Amino acid sequence: VKLVASDAKAQFCLGQACLKMGRTEEASRALEQASVIQPNATDVPSMLAVAGLHKKAGRDQDAISCYKRVLDLRPGDYECTLSLAQLYAARGAAGASQAVHYFRSSLQCRPSVKESRDIYLQMATVQCAISAWKDAAQTLEGAIKELPDDAEIWRKLLTIYEQQKDSKSQHRCYRHLVQLGAVTSAVHISYSDLLLSEGQIREARDQLNQVLRVEPSNTAALIKLA
């Protein structure tokens with residue numbers, strides 16, 4: 001290969017051979033070199049395979065580089081965009097802004113309803129992790145427009161509005177959860193705290209009693225009623 005270092009076809013063949021042998025670093029270098037020499041010479045599925053192997057092996061930066069290279073060759077690729085979002089999300093606060101960027105881009109790829117739901121929840125989780133509560137609320141409000149009967153999204157949204165101390169929105173979330181028959185003991189208890197803070201003592205006690213009817217020994221509810 002040294003004799004034909006500028007031969008895109010040779011580099012591509014080397015990359016394919018290394019990929020089959022599981023030599024991901026060499027495969028990546030060869031395939032990337034082929035794409036530099038001749039942009040349309042690289043087989044995108046091969047580059048995706050290399051990126052996936054890097055990701056699986058925990059070589060996140062190498063995986064990111066590969067996925068970005070594929071996006072250069074095939075802009076708007078859903079698998080690449082989502083993988084980049086998840087890789088940046090795994091970096092925590094340091095990768096949050098990039099994660100949100102790629103999650104939003106992945107939603108523009110018109111994924112299925114189930115995939116969209118997962119993306120919204122993952123993006124909101126990243127935003128919550130950096131205390132971007134307003135952004136997280138906007139993300140899940142977008143999800144609710146598409147999935148108005150999804151109890152998990154409503155519960156997550158309720159938690160976010162609790163952080164924002166937005167009582168009006170908390171009441172709205174609770175009402176929807178009641179309509180869906182999806183009010184958990186934890187939701188009853190947190191809602192009782194809101195009602196109590198508003199001076200609605202009887203209504204707050206009713207929430208706690210609803211918990212005890214289902215879970216007579218629920219410690220949190222018993223303590224708050226005492």
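Every value quoted in this text rests on a predicted model; they were computed, and no experiment measured them.
- Taking 4.5 Å as the limit, every side-chain heavy atom of L84 sits out of range of all side-chain heavy atoms of Q98.
- Between atom OG of residue S167 and atom CG of residue L194 there is a gap of 6.0 Å, rounded to the nearest 0.5 Å.
- Electrostatic pairing of K114 and D118 counts as a salt bridge here, judged by a charged N lying under 4.0 Å from a carboxylate O.
- R117 and E152 are joined by a salt bridge, as a carboxylate oxygen and a charged side-chain nitrogen come within less than 4.0 angstrom of each other.
- L195 and I189 fall into different hydrophobic clusters, defined by Ile, Leu, Val, Met, Phe, Trp and Tyr side-chain heavy atoms under 4.5 Å apart, directly or through other members.
- One distance of note links CG of D150 with OH of Y120; it measures 12.0 Å at 0.5 Å rounding.
- The nearest pair of heavy atoms linking L212 to A221 is CD2-CB, 3.8 Å.
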Stepwise side chain to side chain contact (heavy atoms under 4.5 Å, CB included) check, L87 with Q61:
CA-CA 9 Å; L87 284 164; Q61 188 54 54; over 6 Å; no
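- Annotation: side chain of W133 is not in contact with side chain of Q127 (no heavy-atom distance under 4.5 Å).
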Apply side chain to side chain contact (heavy atoms under 4.5 Å, CB included) to residues Y161 and K168 and explain how you reach the verdict.
CA-CA 9 Å; Y161 284 130; K168 183 178 178 181; over 6 Å; no
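- In terms of heavy atoms, L222 sits closest to P216 at CD1-O, 3.8 Å.
- Distance check: S97 OG to R91 CZ gives 11.0 Å after rounding to the nearest 0.5 Å.
- Within the 4.5 Å cutoff, side-chain heavy atoms of I64 are placed close to those of Y88.
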In sequence, state the C-alpha distance, the side-chain angles, and the governing distance for I153 and H176, and then conclude on side chain to side chain contact (heavy atoms under 4.5 Å, CB included).
CA-CA 11 Å; I153 295 176; H176 278 283; over 6 Å; no
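- Using a 4.5 Å heavy-atom threshold, the side chains of V100 and D135 count as separate.
- The main-chain N or O of D166 is never found under 3.5 Å from a side-chain atom of S169 such that the two would form a donor-acceptor pair.
- With rounding to the nearest 0.5 Å, the separation of CD in Q170 from CD1 in I160 is 11.5 Å.
- The shortest non-hydrogen separation linking I144 to L157 is CG1-CD2, 4.2 Å.
- Here the shortest heavy-atom pairing between L177 and A151 reads CD2-O, 3.7 Å.
- Interatomic distance, D77 CG to S83 OG, rounded to the nearest 0.5 Å: 8.5 Å.
- Between the side chain of R59 and the backbone N or O of A51, no donor-acceptor pair lies under 3.5 Å.
- The line from OG1 of T184 to CD of E215 is 9.0 Å long, rounded to the nearest 0.5 Å.
- E198 and H171 share a side-chain donor-acceptor pair at under 3.5 Å.
- With respect to D193 and K224, a salt bridge is recorded, a charged nitrogen being found less than 4.0 Å from a carboxylate O.
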Quick one: do D206 and Q200 satisfy side chain to side chain contact (heavy atoms under 4.5 Å, CB included)? Show the steps, please.
CA-CA 10 Å; D206 180 61; Q200 301 183 58; over 6 Å; no
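- When side chains are defined from C-beta on, S116 does not count as touching I119, because their heavy atoms never get closer than 4.5 Å.
- The backbone N or O of R175 lies less than 3.5 Å from no partner atom in the side chain of W154, so there is not a single donor-acceptor pair.
- Between V187 and the options T159, V211, V178, L158, a side chain to side chain contact (heavy atoms under 4.5 Å, CB included) holds for only L158.
- Taking hydrophobic clusters as Ile, Leu, Val, Met, Phe, Trp and Tyr residues chained together by side-chain heavy-atom distances below 4.5 Å, V113 shares a cluster with L121.
- What you find for S185 and N218 is that their closest heavy atoms are CB-ND2, 4.3 Å.
- Summarising the geometry of T81 relative to Y102, their closest heavy-atom pair is CG2-O, 3.2 Å, with the distance given to 0.1 Å.
- Ring geometry for Y191 against Y174 counts as parallel: the plane angle stays under 30°, on a 0 to 90° scale with 60° as the upper cut.
- Without hydrogens or angle criteria, E115 side chain to S112 main chain gives a donor-acceptor distance under 3.5 Å.
- Considering only heavy atoms from C-beta on, L48 comes within 4.5 Å of R74 through its side chain.
- Looking at K156 and E141, no side-chain N of the basic residue comes within less than 4.0 Å of a carboxylate O on the acidic one, giving no salt bridge.
- The other residues sharing a hydrophobic cluster with L196 are I201, where clustering joins ILVMFWY side chains under 4.5 Å apart.
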